[in-house]
Amino acid sequence: MPVPIARTGSVARLALFLGLLLLPGCGSVIDADQARICRAVAPLLHDDETTITESSLNPVAGSATGLRLSYRARGPLGSGPHWLICSFASQTGAGRFDLVAVDTDRGPVGGIKLYILKRWGLSDAAEASRPALFALGKRGAYWLQQALGGVLMAGVYGLIATGFALVHGLYGRINLAFGEIAVAGGIYMLIAIGVAGVHARLGPGTLALSLVFGVAAAALLSWIVGRAVFVPIARRTRSPQPVLIATIAVAITLSEAFRITSGSRENWLPALLNRPIYIAGQDGFVATATPAQFLATGLALTGVSTLLGLIAFSPYGRNWRAYAQDPLMTALLGVRVPFLVGATFALAGACAGLAGAAMVIAYGTISPGDGLAITLKALISAIIGGIGSVPGAFLGAALVAGVEIVWSSAFDIAYRDVVIYSLLAAFLVLRPGGLLNRAAASPREF
């Protein structure tokens, strides 16, 4: 007896969903800060005239806190291969930075020598500074440093908030799983980098392919959630509560699945593009940023800009705006509604995945528990901007990130989230339509 096509499609989507949930168990990359410390140890074990050329840097099998650095030393006495193993106090927290043991091909480093190496050698390397590109007062440099971080968060919040706006524009419902989908994009990117690092040396091409893989996997995951959970429930009831409850359940499922299937070693991006650039400052404080932070910020802002252009000028954008205004007429005019809905969920997931990948590039890692905080901040951004409006979502994200940075810089950071949620309450009371004043006459138009 033939199996119905609809049932076969549902089984395939379920299999894809389960495969994506189990995939994080394959990831294994290294802590960028621990890699930086371990790389700094090698020159300290040789003469000043020795040149160190790294061969590989990998986790130690069976150890959650060990890294093995293989390198070639070339000096006045000749050249030869060497290796060392750095062991740290813990995998997470402040213990990540505590080097507790160093073993080498010539024997372990003794306690006194290790103390001297940590106390003077590593601290001197960490505290070494370069002249800033621009002279700027200490206060100005401090605010510049905060602004550099704020622009990145505005891009991250904006990408996820626009995902909320895309789906809400079609159905008038909110998908609360987007934060975990963003985490998924970062996790899958780390998995791709870990797999690639086993076979080849990491470089720009590998990083780009891993980024594409993370974004594509997040888009696929969002499409599956939309087809299997969101759309069927939204079509069966006019109440928004069932969709909210279902997407919360999806978010919890994703978070717990990523936490359980990830190994005991927390995944970190290898130390790529992480040498600081001293931008501006003087008098003991210099605003710095790494090329990785600039890359992450550029990716996030480029993603938002591309989406705004897509909605405003492309055939997909015209169809999306038409369906948001009048779904029935849009279908009667020949727009392929199933394709439009699927593309919307995939595009929203790709935006969330790009946000997660940008966080990995900038900060080195992303954790399953980060999804809830990201979801709330992005949802607040979408509501403040005008829920259902793609440009408003980005404006709201810029406002939320700006308030976070200003408050964190000038006042007690413990009250930062209190201020953000108070800002949301104020908008709901005083301007429920958001920044673009989208109060209910046409709640889903662009």
Side-chain angles (χ1 to χ4, degrees), residues 20-21 23-25 27 29-33 91-94 96 149-164 174-194 210-211 214-215 217-219 221-222 225 247-269 292-293 296-297 299-300 303 348-382 397 400-401 404-405 408 413-414 416-417 420-421:
L20 289 172
L21 291 185
L23 192 56
V29 292
I30 61 176
D31 185 318
D33 293 307
Q91 183 183 345
T92 59
R96 290 173 40 229
V151 173
L152 171 61
M153 294 315 301
V156 169
Y157 295 158
L159 282 170
I160 303 176
T162 52
F164 281 121
I174 294 174
N175 183 358
L176 291 177
F178 274 129
E180 297 302 334
I181 292 174
V183 172
I187 289 176
Y188 294 138
M189 177 184 173
L190 287 171
I191 292 171
I193 288 176
S210 300
L211 172 67
V215 173
L221 183 61
S222 177
V225 171
T247 53
I248 289 174
V250 170
I252 295 173
T253 300
L254 292 174
S255 177
E256 288 301 298
F258 293 151
R259 182 183 63 83
I260 293 172
T261 57
S262 296
S264 59
R265 168 178 287 275
E266 185 173 353
N267 290 339
W268 285 81
L269 182 71
Q293 290 174 315
T297 302
L299 286 172
C351 290
L354 182 59
M359 293 182 66
V360 168
I361 293 173
Y363 305 123
T365 189
I366 194 168
S367 302
D370 296 336
L372 177 60
I374 298 173
T375 298
L376 292 177
K377 295 295 178 60
L379 181 58
I380 291 172
S381 301
V400 169
E404 279 191 342
I405 291 302
S408 300
I413 194 174
R416 181 187 63 189
D417 288 348
I420 297 298
Y421 294 125

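All values below were derived from every heavy atom in this structure, side-chain atoms included, with hydrogens, water molecules and symmetry-related copies excluded.
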Worksheet item: Does some side-chain heavy atom of M189 sit less than 4.5 Å from a side-chain heavy atom of I366?
Response: no
Worksheet, complete the sentence: Between the CZ atom in F258 and the OG1 atom in T253, the distance rounded to the nearest 0.5 Å is 10.5 Å
Worksheet item: Quick one: CD1 on I405 to CZ on R416, what's the gap to the nearest 0.5 Å?
Response: 8.0 Å
Discussion item. Under a 3.5 Å distance rule, please check whether T247 uses its side chain to pair with a backbone N or O of N175 as donor and acceptor.
Written reply: no
Worksheet entry | Heavy-atom donor-acceptor pair, T297 side chain to Q293 backbone, under 3.5 Å | yes
Worksheet entry | Exam field: side chain T162 to backbone G158, donor-acceptor pair closer than 3.5 Å | yes
Fill in: Atom pair CE/CD1 of M153 and I374 - distance to nearest 0.5 Å
7.0 Å
Item to complete: For the residue pair Y363 and L152, establish whether any side-chain heavy-atom pair is separated by less than 4.5 Å.
Response: yes
Response to the item:
Nearest heavy-atom approach of A154 to A397 is O-CB, 3.6 Å
Item to complete: Determine whether T365 and L190 make a side-chain contact, defined as any pair of heavy atoms from C-beta on separated by less than 4.5 Å.
Response: yes
Worksheet item: Does D417 reach the side chain of K377, with side-chain heavy atoms less than 4.5 Å apart?
Response: yes
Discussion item. Are L379 and I160 packed together at the side-chain level, in the sense that at least one heavy-atom pair is separated by less than 4.5 angstrom?
Written reply: no
Practice prompt. Grab the two heavy atoms, one from A352 and one from I181, that are nearest each other, plus how far apart they are.
Written response: CB-CG2, 4.1 Å
Worksheet entry | Nearest atoms (heavy-atom pairs only) where A161 meets A378 | CB-O, 3.5 Å
Discussion item. Restricting to non-hydrogen atoms, name the atom on S381 and the atom on V400 that form the minimum distance, rounded to 0.1 Å.
Written reply: OG-CG2, 3.6 Å
Practice prompt. Identify the two heavy atoms, one from I187 and one from P368, that lie closest to each other, and give their separation to 0.1 Å.
Written response: CD1-CG, 4.5 Å
Discussion item. If you define the side chain from C-beta out and look only at heavy atoms, does anything of L376 sit under 4.5 Å from Y421?
Written reply: yes
Worksheet item: Any idea which heavy atoms bring G179 and T375 closest together, and the distance?
Response: CA-OG1, 2.9 Å
Worksheet entry | Side-chain heavy atoms of L299 within contact of L211, under 4.5 Å | yes
Discussion item. I'd like to know whether Y188 forms a side-chain contact (heavy atoms from CB on, under 4.5 Å) with V360, so could you lay out the CA-CA distance, the side-chain angles of the two residues, the decisive distance to 0.1 Å, and finally the verdict.
Written reply: CA-CA 10 Å; Y188 294 138; V360 168; over 6 Å; no
Item to complete: Determine whether V225 and F178 make a side-chain contact, defined as any pair of heavy atoms from C-beta on separated by less than 4.5 Å.
Response: no
